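As the structure is a prediction and not an experimental result, all values here were calculated from the model. Quick note: numbers below take in every heavy atom, side chains included, and nothing from hydrogens, waters or symmetry partners. In what follows, residues are counted from 1 in the order of the sequence shown.
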Amino acid sequence: MAYVLEVAIVPVSDVDRCSAFCAERLGFNLDVDRAPRPDFRVVQLTPSRLRACSVPIEWVSPKPSLAR
């Protein structure tokens, strides 16, 4: 039986810096960049040569808002 890594979630403190590094330096494709709430943002990148794995990076405010 072969196992495949499909998603690797990476929490970061600076989403812009991390996504720029992955896209510009590593050649990842930007798939998603969403901020559904002011205190939460997720960016998903896919390595250009490896289509079987996506790398979501996310940021959550240290003080989440109570309003949802």
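The two atoms that bring Cys18 and Val12 nearest to each other are SG-CG1, 3.9 Å, heavy atoms only.
Between the CD atom of Gln44 and the CG atom of Leu30 there is a distance of 9.5 Å, given to the nearest 0.5 Å. For the atom pair Leu45 CG and Asp31 CG, the distance stands at 6.5 Å (nearest 0.5 Å). For the atom pair OG (Ser19) and CD (Glu24), the distance works out to 8.5 Å, reported to the nearest 0.5 Å.
By the side-chain hydrogen bond (donor to acceptor under 3.5 Å, both in side chains) test, Asp14 is found to be paired with no residue, residues two or more places apart in sequence or in another chain being considered.
Using a 4.5 Å cut-off between side-chain heavy atoms of Ile, Leu, Val, Met, Phe, Trp and Tyr, with links allowed through other members, Phe21 and Val32 fall into different hydrophobic clusters.
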